[in-house]
Number of protein chains: 2
Amino acid sequence: MADPRDETTAFTPKFGPDGLLPAIAVDAETGEVLMLAYMNEEALKRTLATGEVHYWSRSRAEIWHKGATSGNLQELAEILIDCDQDTLLLRVRQRGPACHTGRQSCFYRKLVTDDPESKELNGTVQLRFMDVE
Amino acid sequence: MADPRDETTAFTPKFGPDGLLPAIAVDAETGEVLMLAYMNEEALKRTLATGEVHYWSRSRAEIWHKGATSGNLQELAEILIDCDQDTLLLRVRQRGPACHTGRQSCFYRKLVTDDPESKELNGTVQLRFMDVE
(Lines give C-alpha, C1' and ligand atoms only; values in the text may rest on other atoms or scores of the structure.)
Protein backbone atom coordinates (compact mmCIF):
# COMPACT_ATOMS: atom_id res chain seq x y z
CA MET A 1 0.00 0.00 0.00
CA ALA A 2 3.01 2.30 0.43
CA ASP A 3 3.04 4.60 -2.56
CA PRO A 4 5.51 7.49 -2.93
CA ARG A 5 2.52 9.58 -3.98
CA ASP A 6 1.15 9.37 -0.44
CA GLU A 7 3.51 11.81 1.25
CA THR A 8 5.13 13.81 -1.52
CA THR A 9 4.39 17.48 -1.98
CA ALA A 10 4.85 17.07 -5.74
CA PHE A 11 1.60 17.20 -7.64
CA THR A 12 1.63 14.08 -9.80
CA PRO A 13 -1.99 13.32 -10.67
CA LYS A 14 -2.51 9.75 -11.80
CA PHE A 15 -4.87 9.93 -14.76
CA GLY A 16 -6.66 6.68 -15.61
CA PRO A 17 -6.12 4.62 -18.76
CA ASP A 18 -8.78 6.82 -20.37
CA GLY A 19 -6.81 9.94 -19.44
CA LEU A 20 -9.39 10.99 -16.86
CA LEU A 21 -9.49 11.71 -13.16
CA PRO A 22 -12.73 11.85 -11.16
CA ALA A 23 -13.33 15.23 -9.52
CA ILE A 24 -15.78 15.64 -6.64
CA ALA A 25 -17.19 19.15 -6.41
CA VAL A 26 -18.26 20.34 -2.97
CA ASP A 27 -19.65 23.66 -1.86
CA ALA A 28 -16.72 25.65 -0.47
CA GLU A 29 -18.77 27.02 2.40
CA THR A 30 -21.07 24.22 3.45
CA GLY A 31 -19.04 21.22 2.27
CA GLU A 32 -22.13 19.73 0.60
CA VAL A 33 -21.26 17.31 -2.18
CA LEU A 34 -22.66 18.82 -5.39
CA MET A 35 -21.59 16.48 -8.19
CA LEU A 36 -18.91 14.24 -9.59
CA ALA A 37 -17.44 14.68 -13.04
CA TYR A 38 -14.16 13.97 -14.82
CA MET A 39 -11.14 16.00 -15.81
CA ASN A 40 -8.44 15.30 -18.33
CA GLU A 41 -5.17 17.18 -18.19
CA GLU A 42 -6.43 19.97 -20.44
CA ALA A 43 -9.54 20.51 -18.29
CA LEU A 44 -7.37 20.70 -15.20
CA LYS A 45 -5.04 23.20 -16.87
CA ARG A 46 -7.93 25.42 -17.91
CA THR A 47 -9.43 25.21 -14.43
CA LEU A 48 -6.17 26.35 -12.87
CA ALA A 49 -5.59 29.03 -15.49
CA THR A 50 -9.07 30.57 -15.33
CA GLY A 51 -10.26 29.83 -11.80
CA GLU A 52 -13.48 28.43 -13.29
CA VAL A 53 -14.04 24.71 -13.27
CA HIS A 54 -13.68 22.83 -16.54
CA TYR A 55 -14.41 19.13 -16.91
CA TRP A 56 -14.16 16.58 -19.69
CA SER A 57 -17.61 15.62 -20.91
CA ARG A 58 -17.55 11.89 -21.52
CA SER A 59 -20.87 11.94 -23.38
CA ARG A 60 -19.92 14.79 -25.70
CA ALA A 61 -16.20 13.94 -25.76
CA GLU A 62 -15.16 17.55 -25.34
CA ILE A 63 -14.00 20.06 -22.78
CA TRP A 64 -16.96 21.21 -20.69
CA HIS A 65 -16.67 24.65 -19.17
CA LYS A 66 -19.23 24.11 -16.43
CA GLY A 67 -21.93 26.80 -16.55
CA ALA A 68 -20.68 28.42 -19.76
CA THR A 69 -24.13 28.04 -21.32
CA SER A 70 -26.35 27.83 -18.21
CA GLY A 71 -24.54 30.49 -16.21
CA ASN A 72 -24.15 28.06 -13.34
CA LEU A 73 -20.40 28.49 -13.13
CA GLN A 74 -18.21 26.95 -10.50
CA GLU A 75 -15.58 29.33 -9.19
CA LEU A 76 -12.65 27.39 -7.88
CA ALA A 77 -11.77 27.99 -4.25
CA GLU A 78 -9.38 25.11 -3.66
CA ILE A 79 -8.26 21.79 -5.12
CA LEU A 80 -7.39 18.87 -2.86
CA ILE A 81 -6.01 15.53 -4.01
CA ASP A 82 -6.22 12.16 -2.35
CA CYS A 83 -3.47 9.91 -1.01
CA ASP A 84 -2.66 8.09 -4.23
CA GLN A 85 -3.39 11.14 -6.38
CA ASP A 86 -6.11 9.63 -8.52
CA THR A 87 -9.09 11.69 -7.31
CA LEU A 88 -9.59 15.44 -6.99
CA LEU A 89 -11.78 17.26 -4.51
CA LEU A 90 -12.83 20.70 -5.72
CA ARG A 91 -14.07 23.30 -3.30
CA VAL A 92 -16.19 25.59 -5.40
CA ARG A 93 -18.39 28.62 -5.14
CA GLN A 94 -21.38 27.39 -7.08
CA ARG A 95 -23.40 29.99 -8.96
CA GLY A 96 -26.98 28.74 -9.22
CA PRO A 97 -27.71 25.04 -9.02
CA ALA A 98 -24.98 22.49 -9.76
CA CYS A 99 -27.35 19.92 -11.25
CA HIS A 100 -28.79 20.17 -14.76
CA THR A 101 -32.18 19.23 -13.25
CA GLY A 102 -32.20 22.55 -11.43
CA ARG A 103 -31.39 21.07 -8.04
CA GLN A 104 -28.57 22.38 -5.94
CA SER A 105 -26.83 18.99 -5.80
CA CYS A 106 -26.97 16.01 -8.15
CA PHE A 107 -27.47 13.75 -5.13
CA TYR A 108 -31.18 14.28 -4.46
CA ARG A 109 -32.33 10.65 -4.18
CA LYS A 110 -31.49 7.98 -1.69
CA LEU A 111 -31.98 4.24 -1.59
CA VAL A 112 -34.70 2.90 0.62
CA THR A 113 -32.60 0.52 2.64
CA ASP A 114 -34.79 0.19 5.71
CA ASP A 115 -36.90 -2.34 3.86
CA PRO A 116 -35.27 -5.77 4.31
CA GLU A 117 -36.56 -6.74 0.89
CA SER A 118 -34.53 -3.97 -0.64
CA LYS A 119 -31.23 -5.40 0.50
CA GLU A 120 -31.11 -8.01 -2.21
CA LEU A 121 -30.73 -5.56 -5.09
CA ASN A 122 -33.04 -7.80 -7.06
CA GLY A 123 -35.08 -5.19 -8.83
CA THR A 124 -37.19 -4.20 -5.84
CA VAL A 125 -34.81 -1.52 -4.62
CA GLN A 126 -36.44 1.87 -4.82
CA LEU A 127 -35.25 5.41 -4.58
CA ARG A 128 -36.87 8.12 -2.58
CA PHE A 129 -36.40 11.79 -3.23
CA MET A 130 -34.61 13.43 -0.35
CA ASP A 131 -36.08 16.27 1.56
CA VAL A 132 -34.07 19.30 0.60
CA GLU A 133 -33.45 21.36 3.64
CA MET B 1 -29.55 16.13 -21.30
CA ALA B 2 -33.00 14.68 -20.43
CA ASP B 3 -32.42 11.19 -19.17
CA PRO B 4 -35.22 8.99 -17.79
CA ARG B 5 -32.83 8.15 -14.96
CA ASP B 6 -33.09 11.72 -13.71
CA GLU B 7 -36.55 11.54 -12.14
CA THR B 8 -37.36 7.88 -11.76
CA THR B 9 -37.63 6.24 -8.37
CA ALA B 10 -36.31 2.99 -9.85
CA PHE B 11 -32.75 2.26 -8.84
CA THR B 12 -30.94 1.58 -12.12
CA PRO B 13 -27.25 2.19 -11.46
CA LYS B 14 -25.28 2.75 -14.63
CA PHE B 15 -22.06 0.79 -14.21
CA GLY B 16 -19.22 1.84 -16.50
CA PRO B 17 -17.72 -0.27 -19.29
CA ASP B 18 -15.41 -1.73 -16.63
CA GLY B 19 -18.44 -2.72 -14.53
CA LEU B 20 -17.62 -0.13 -11.89
CA LEU B 21 -19.30 2.85 -10.29
CA PRO B 22 -17.42 5.50 -8.31
CA ALA B 23 -18.60 5.80 -4.71
CA ILE B 24 -17.84 8.87 -2.62
CA ALA B 25 -17.76 8.12 1.11
CA VAL B 26 -18.66 10.97 3.45
CA ASP B 27 -18.91 11.05 7.21
CA ALA B 28 -22.60 10.63 8.04
CA GLU B 29 -22.47 13.20 10.82
CA THR B 30 -20.11 15.89 9.59
CA GLY B 31 -20.47 15.42 5.83
CA GLU B 32 -16.67 15.46 5.43
CA VAL B 33 -15.51 13.73 2.27
CA LEU B 34 -13.42 10.76 3.38
CA MET B 35 -12.46 8.91 0.20
CA LEU B 36 -13.51 7.76 -3.23
CA ALA B 37 -13.43 4.15 -4.33
CA TYR B 38 -15.28 1.91 -6.77
CA MET B 39 -18.05 -0.65 -6.51
CA ASN B 40 -19.08 -3.37 -8.88
CA GLU B 41 -22.50 -4.95 -8.59
CA GLU B 42 -21.30 -7.62 -6.18
CA ALA B 43 -19.69 -5.04 -3.88
CA LEU B 44 -22.92 -3.06 -3.87
CA LYS B 45 -24.95 -6.18 -3.07
CA ARG B 46 -22.69 -7.10 -0.18
CA THR B 47 -22.82 -3.54 1.14
CA LEU B 48 -26.61 -3.59 1.13
CA ALA B 49 -26.79 -7.09 2.59
CA THR B 50 -24.32 -6.52 5.44
CA GLY B 51 -24.59 -2.80 6.17
CA GLU B 52 -20.79 -2.61 5.95
CA VAL B 53 -19.21 -0.97 2.94
CA HIS B 54 -17.57 -3.20 0.34
CA TYR B 55 -15.70 -1.85 -2.67
CA TRP B 56 -13.99 -3.36 -5.68
CA SER B 57 -10.23 -3.01 -5.37
CA ARG B 58 -8.93 -2.12 -8.80
CA SER B 59 -5.30 -2.77 -7.81
CA ARG B 60 -5.98 -6.18 -6.30
CA ALA B 61 -8.89 -7.00 -8.63
CA GLU B 62 -11.02 -8.35 -5.81
CA ILE B 63 -13.85 -7.44 -3.49
CA TRP B 64 -12.54 -5.20 -0.72
CA HIS B 65 -14.43 -5.30 2.54
CA LYS B 66 -13.25 -1.95 3.83
CA GLY B 67 -11.68 -2.31 7.27
CA ALA B 68 -11.87 -6.11 7.36
CA THR B 69 -8.15 -6.30 8.12
CA SER B 70 -7.50 -2.85 9.62
CA GLY B 71 -10.67 -2.69 11.70
CA ASN B 72 -11.50 0.65 10.10
CA LEU B 73 -14.93 -0.43 8.96
CA GLN B 74 -17.47 1.82 7.33
CA GLU B 75 -20.98 1.24 8.62
CA LEU B 76 -23.47 2.28 6.01
CA ALA B 77 -25.95 4.95 7.06
CA GLU B 78 -27.38 5.89 3.69
CA ILE B 79 -26.74 5.58 -0.05
CA LEU B 80 -27.56 8.43 -2.41
CA ILE B 81 -27.27 8.31 -6.18
CA ASP B 82 -26.81 11.14 -8.61
CA CYS B 83 -29.06 12.38 -11.41
CA ASP B 84 -27.85 10.04 -14.14
CA GLN B 85 -27.23 7.19 -11.70
CA ASP B 86 -23.54 6.71 -12.41
CA THR B 87 -22.13 7.84 -9.05
CA LEU B 88 -22.93 6.81 -5.49
CA LEU B 89 -22.64 8.91 -2.36
CA LEU B 90 -22.25 6.83 0.78
CA ARG B 91 -22.99 8.30 4.18
CA VAL B 92 -20.95 6.20 6.56
CA ARG B 93 -20.07 5.89 10.19
CA GLN B 94 -16.32 5.55 9.88
CA ARG B 95 -14.56 3.50 12.56
CA GLY B 96 -11.02 4.81 12.92
CA PRO B 97 -9.38 6.65 10.05
CA ALA B 98 -10.66 6.19 6.49
CA CYS B 99 -7.24 6.60 4.87
CA HIS B 100 -4.59 3.88 4.84
CA THR B 101 -2.04 6.56 5.82
CA GLY B 102 -3.80 6.86 9.18
CA ARG B 103 -5.48 10.14 8.38
CA GLN B 104 -9.18 10.63 8.85
CA SER B 105 -9.72 11.56 5.20
CA CYS B 106 -7.72 10.71 2.08
CA PHE B 107 -7.90 14.38 1.08
CA TYR B 108 -5.16 15.86 3.27
CA ARG B 109 -3.23 17.86 0.65
CA LYS B 110 -4.20 20.82 -1.42
CA LEU B 111 -2.72 22.53 -4.44
CA VAL B 112 -0.93 25.76 -3.91
CA THR B 113 -2.88 27.84 -6.37
CA ASP B 114 -2.23 31.28 -4.94
CA ASP B 115 1.12 31.30 -6.70
CA PRO B 116 0.58 32.54 -10.28
CA GLU B 117 3.42 30.30 -11.42
CA SER B 118 1.49 27.29 -10.24
CA LYS B 119 -1.37 27.87 -12.63
CA GLU B 120 0.46 26.52 -15.62
CA LEU B 121 0.63 22.92 -14.39
CA ASN B 122 4.09 22.75 -15.87
CA GLY B 123 5.79 20.79 -13.17
CA THR B 124 6.04 23.61 -10.68
CA VAL B 125 2.70 22.96 -9.02
CA GLN B 126 3.18 21.94 -5.44
CA LEU B 127 1.02 20.42 -2.79
CA ARG B 128 0.75 21.57 0.75
CA PHE B 129 -0.46 19.44 3.60
CA MET B 130 -3.69 20.80 4.96
CA ASP B 131 -4.06 21.79 8.54
CA VAL B 132 -6.30 19.22 10.11
CA GLU B 133 -8.74 20.95 12.36
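Hydrogens, waters and symmetry mates are skipped; everything else that's a heavy atom, side chains included, is used. First the proteins, then the strands, lettered A, B, ... as listed; each starts at 1.
- When each of B:T8, B:T9, B:L80 is paired with A:R109, the side chain to side chain contact (heavy atoms under 4.5 Å, CB included) condition holds for B:T8 and for no other.
- The two residues B:L88 and A:F107 come nearest to each other via the heavy atoms C-CE2, 4.1 Å.
- The side chain to side chain contact (heavy atoms under 4.5 Å, CB included) search around A:A68 returns A:H65, not counting sequence neighbours.
- If you measure heavy-atom distances from A:T87 to chain B, the contacts under 4.5 Å come from both the backbone and the side chain.
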Could you give the side-chain donor-acceptor pairs of residues 22-36 of chain B under 3.5 Å, partners two or more places apart or in another chain?
unit_1	atom_1	unit_2	atom_2	d
B:D27	OD1	B:E29	N	2.8
B:D27	OD1	B:T30	N	2.9
B:D27	OD1	B:T30	OG1	3.4
B:T30	OG1	B:E32	N	3.2

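- The two residues B:Y108 and A:E7 have their closest heavy-atom pair at OH-OE2, 4.4 Å.
- Summarising the geometry, atom SG belonging to B:C99 is positioned 8.0 Å from atom CG belonging to A:D82; distances are rounded to the nearest 0.5 Å.
- Taking CG of A:L44 as the start and CG of B:L111 as the end, the distance is 7.5 Å to the nearest 0.5 Å.
- There is a side-chain donor-acceptor pair under 3.5 Å between B:H100 and A:D6.
- A:L73 and A:Y55 fall into different hydrophobic clusters, defined by Ile, Leu, Val, Met, Phe, Trp and Tyr side-chain heavy atoms under 4.5 Å apart, directly or through other members.
- A pairwise comparison of heavy atoms in A:T101 and B:C83 identifies CG2-CB, 4.3 Å as the closest pair.
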